[in-house]
Amino acid sequence: MSYNFSDIEKKWRQIWEKNPPAQVEKDSNKPKYYCLDMFPYPSGSGIHMGHWRAYVLADIYARIKWLEGYNVLHPMGWDAFGLPAENYAIKMSVHPQISTAENVSNFKRQLKQLTAIYDWDREINTTDPSYYKWTQWIFIQMFKAGLAYQSKTPINWCPSCLTGLANEEVVNGACERCGTLATKKKITQWVLRITDYAEKLLSGLDKLNWPEKIKHMQQNWIGKSEGALITFKSKDKGGKSINLKVYTTRPDTIFAVTFMVMAPDHDLVEKITPESHKQEVQKYQEKVSHMSAIERMAEQKDKTGVFSGAYAKNPVTQEDIPIYLASYVLKDYGSGIVMAVPGHDARDFDFAKKFGLPILEVIKSDHAKPLRDEPNGSPQGDRDLIEPYTGVGIMINSGFLNGLKSYPDAFKKAIEYLEKEGIATKKINYKLRDWIFSRQRYWGEPIPLVHCETCGIVPVDENDLPVKLPDVEKYQPTGTGESPLAAIDEWVNTTCPTCGGPAKRETNTMPQWAGSCWYFLRYPNPNLQDKPFDKKDMEYWLPVDLYVGGIEHAILHLLYARFYVKVLHDLGYLPFDEPFTQLFNQGMVLKHSEKSGLVEKMSKSKGNVVNPDDMIEKYGTDVLRMYTMFMGPPELDCEWQDAGLDGIKRFVNKFYNFVNNPENIVENNKETKEAKKRIHMFLRDYQDRLEHFKPNTAISAAMELINDANSQNLKFGKSSIESILTSLSVLAPFIANEFLEKICGKTLSQSPWPKFDPELLKETNVIIVVQINGKVRANITVAKDAGQELVENEAKKATQKWLENKEIIKVIFVKNRLINFVIK
Ligand code: ANZ
Ligand code: ZN
């Protein structure tokens with residue numbers, strides 16, 4: 001018999017629509033669990049399988065916690081400001097409000113098919129004035145705290161989107177949205193002082209249960225380095241003494257500095273360049289000013305540069321060293337000037353080779369080959385280095401540093417000495433830059449500030465929030481550095497909240513990230529009128545226990561949201577300072593593309609999209625939910641395969657036939673010991689795998705159970721059936737509820753998450769021999785009939801020291817007896 005999913009899914013959909021299970025309990029004494037998905041941008045093309053994969057995963061954990069008796073908050077909303085809606089408005093002349101509303105309703109219809117236990121009463125839309133009122137309110141608190149300021153330095157500019165971009169939005173030199181190469185543009189911008197939080201953003205990572213990869217990405221982005229600011233004496237073109245400060249992380253190499261490099265656009269270039277070199281220097285400056293960030297970064301080996309004609313004095317050796325300009329030194333990092341140590345730094349090395357500059361060694365290493373046929377340890381300058389030695393070692397040729405270990409001893413001693421002489425100060429540097437926060441586009445939150453001739457820049461009175469986005473006739477970005485809002489005189493002209501005089505509104509809007517920096521604070525009470533969030537709710541519900549979303553947000557959203565929470569915490573609004581305790585990044589859904597012949601990320605342009613609507617129609621929600629989890633380990637990119645979907649369909653059929661056959665079900669007291677043990681073995685494996693984020697293999701455990709039941713003719717008591725159905729309900733809620741009702745006369749809210757009995761499994765343990773290349777290395781105890789996956793994991797743990805850095809090319813597994821790893 002074949003399972004007719006459509007009647008059953010229809011029936012339960014209607015029941016749950018009227019009576020949603022797992023509603024949040026108000027003022028509950030239960031422990032809470034806050035399970036959050038990264039809310040989607042409601043695009044015109046509807047939800048895709050990538051959404052399904054992430055959202056089903058999160059829903060599994062929300063459901064488990066609910067069945068375990070937690071008060072579960074599992075909300076959903078719309079991150080709806082941003083460029084696509086605006087671009088669509090420009091193309092079709094539809095107000096973004098209208099197209100967004102249409103998209104949201106389509107998204108919601110599609111998301112409902114997923115049958116997550118979302119609390120739809122808590123839906124959030126970032127473009128809703130009652131929501132962005134508080135996005136603006138938070139900005140005002142930041143402004144009042146001195147964390148928002150105006151800046152006129154050149155910023156990243158997308159010549160296609162015609163807007164400024166944050167550093168985080170420039171990926172490999174290109175606009176994160178449209179891929180156009182970013183240029184620089186000097187316009188007045190609103191900037192948030194995220195750099196004030198560099199240290200807290202860094203140290204806060206330690207206590208988070210996040211993938212190491214994401215933590216590393218944030219660490220690298222924040223880019224902390226410790227070093228010193230060292231003063232080198234030089235003369236300006238008129239012969240007057242001038243101090244040049246360099247930032248270095250390697251003060252230990254001070255004796256090996258053979259030249260100095262300044263950023264070509266550094267303010268001091270003009271001052272030091274003598275008349276004789278002016279032309280050459282200006283020519284080079286001109287050339288670099290036309291180079292994109294990509295080109296500057298691409299200058300790997302082949303460095304460019306020019307001699308400035310000026311010299312500086314090495315403060316320890318008193319030697320004169322030439323000052324060069326080169327594109328590899330960036331103006332806005334450190335001091336924009338470096339002391340070049342070609343002997344121990346790769347970029348300086350390439351530069352010195354190209355310009356024929358001396359290379360000195362101050363740390364002993366074998367990383368060099370003698371130039372002439374002289375024994376090792378030949379005098380200075382006689383070794384022709386193949387590459388610079390950048391590691392740690394013993395200091396040589398370095399006066400008072402000789403014999404010390406370069407790090408930390410020589411590093412410390414050099415700073416100490418230079419500080420005493422008054423030529424250096426310790427300095428910690430961060431790569432993180434302040435956050436360019438204004439956009440010259442229409443579809444975003446207006447920045448709630450007013451420019452008054454008498455009072456200067458004044459925040460809008462909080463009672464007058466929200467500053468509503470006005471209607472415009474033209475959504476087109478102007479390209480002048482002003483947003484389309486600037487053209488609406490009635491809106492721009494206002495009165496000053498402080499003095500009542502005439503004033504003009506700020507016409508820039510916020511970036512698309514503003515609304516998502518705090519939305520998780522709003523879900524506990526999205527309709528709160530007089531506050532963004534309630535203190536009691538914050539104490540109970542926050543931080544988020546599990547956050548599921550894509551790795552593309554590793555730095556952007558996840559860094560910005562942490563920043564907002566830290567600021568709100570420091571301003572006294574929040575009792576916690578990290579928003580997301582646990583983070584899980586799901587992999588992408590890939591599919592073979594006829595066009596390219598490759599397995600690629602599903603996308604319209606590649607023509608390899610699978611539409612969830614079609615799949616629901618053909619297979620139903622249960623099968624699609626299960627398949628998106630069965631595809632592979634959830635953290636990895638996985639390939640969509642129709643055959644896999646049919647495989648799950650066959651399993652669901654088999655399962656249906658098993659539970660639908662009354663002969664397989666007996667009274668509880670008639671259940672055999674074997675059957676009982678088998679159920680508990682299943683519960684243990686299933687739960688263990690889910691706990692370790694392996695829903696794919698948890699599904700295998702269910703498949704094995706049904707196979708064994710069929711082949712061994714096992715009959716289960718009603719309580720055991722209830723356990724199986726409750727377990728599977730987190731993956732396949734429809735079929736589980738249907739039979740829970742039919743067989744046990746219960747609903748899910750009456751069936752708690754089953755517990756397995758370890759006592760029952762004890763006597764079923766067996767000893768397995770673990771071999772490596774045929775040699776016995778360990779014995780492990782596992783449950784009888786344990787599958788390969790479980791045994792393999794245990795066996796690897798027991799033989800870790802033999803497997804370290806080894807590649808396993810084959811695994812031989814004999815159930816209940818042995819496992820053998822064949823390694824290279
Ligand atoms: C001398 C030296 C010797 C350096 C050596 C490195 C190795 P991080 O760790 O990324 O902070 N530097 C400083 N300012 C720079 C700028 N504006 N543009 C390009 N490079 C700059 O890197 C700090 C190191 O990068 C500094 O230490 C400096 O070179 C260079 F064996 O000074 B170092
Ligand atoms: Zn005023």
Side-chain angles (χ1 to χ4, degrees), residues 225-274 276-277 281 284-285 303 305-345 347-349 351-352 355-363 380 388 395 397-401 406 410-429:
S225 61
E226 279 173 82
L229 216 46
I230 304 179
T231 305
F232 282 60
K233 290 229 173 292
S234 176
K235 293 216 157 67
D236 72 9
K237 58 187 172 191
K240 264 208 274 164
S241 174
I242 176 175
N243 285 342
L244 300 179
K245 288 196 168 156
V246 306
Y247 173 66
T248 179
T249 48
R250 298 291 306 275
D252 49 307
T253 62
I254 184 90
F255 283 89
V257 177
T258 54
F259 58 101
M260 197 179 239
V261 190
M262 218 184 236
D265 41 355
H266 200 285
D267 294 340
L268 288 175
V269 171
E270 208 241 303
K271 232 180 184 167
I272 60 159
T273 307
S276 54
H277 287 73
V281 163
Y284 183 67
Q285 285 179 315
K303 298 258 178 309
V306 69
F307 176 45
S308 70
Y311 292 83
K313 254 195 197 340
N314 182 320
V316 295
T317 64
Q318 302 308 325
E319 258 171 86
D320 279 325
I321 52 170
I323 306 174
Y324 279 75
L325 313 182
S327 65
Y328 77 91
V329 173
L330 309 171
K331 186 188 168 194
D332 53 5
Y333 185 68
S335 63
I337 311 175
V338 306
M339 59 178 227
V341 181
H344 301 286
D345 179 87
R347 291 169 304 177
D348 299 344
F349 179 81
F351 193 86
F355 288 84
L357 294 160
I359 299 173
L360 301 181
E361 286 177 86
V362 290
I363 299 167
Q380 280 275 292
M395 302 301 304
N397 307 321
S398 293
F400 65 96
L401 298 175
S406 60
F411 174 91
K412 279 192 186 150
K413 188 151 182 191
I415 293 185
E416 218 168 83
Y417 170 84
L418 294 167
E419 269 190 326
K420 217 171 6 185
E421 298 289 308
I423 36 186
T425 47
K426 258 189 225 147
K427 171 131 177 114
I428 291 175
N429 236 314

With heavy-atom distances below 4.5 Å as the criterion, would you say the side chains of [X] and [Y] are in contact?
X: E226; Y: T249; value: no
X: I254; Y: P315; value: yes
X: T231; Y: T425; value: no
X: S406; Y: F411; value: no
X: L268; Y: I242; value: yes
X: Y417; Y: L401; value: no

Just jot down the ring-ring contact (aromatic ring centres under 6.0 Å, His included) partners of [X], sequence neighbours excluded, or say none.
X: Y247; value: none
X: F255; value: F400
X: Y333; value: none
X: H277; value: F307

Over all heavy atoms of both residues, which pair between [X] and [Y] is shortest? Give the atoms and the distance, please.
X: V269; Y: T273; answer: O-OG1, 2.6 Å
X: M339; Y: F232; answer: CB-CZ, 3.8 Å
X: H266; Y: G336; answer: CD2-O, 3.6 Å
X: H344; Y: V362; answer: NE2-N, 3.0 Å
X: A326; Y: P264; answer: O-CD, 3.2 Å

Restricting to side chain to side chain contact (heavy atoms under 4.5 Å, CB included), what partner residues turn up for [X], sequence neighbours left out?
X: D345; value: R347, D348
X: V338; value: V261, V329
X: A310; value: I272, S308, I323

[X]: which residues meet the side chain to side chain donor-acceptor pair (under 3.5 Å) condition with it, sequence neighbours left out?
X: E270; value: K237
X: K233; value: N243
X: D320; value: K313

Roughly how far apart are L330 CG and D265 CG, rounded to 0.5 Å?
8.5 Å

Find the distance between CD1 (I428) and CG (L229) and round it off to the nearest 0.5 Å.
12.5 Å

Test side chain to side chain contact (heavy atoms under 4.5 Å, CB included) on F351 and F259 and set out the steps.
CA-CA 10 Å; F351 193 86; F259 58 101; 3.5 Å; yes

So which pairs with a foot in residues 412-425 pass salt bridge (Lys or Arg N to Asp or Glu O under 4.0 Å), sequence neighbours left out?
none

Sequence neighbours excluded, every pair satisfying salt bridge (Lys or Arg N to Asp or Glu O under 4.0 Å) that has a member inside residues 245-260
R250-D252

From the options L360, V257, L357, T258, select the one residue that forms a side-chain contact (heavy atoms from CB on, under 4.5 Å) with P342.
T258

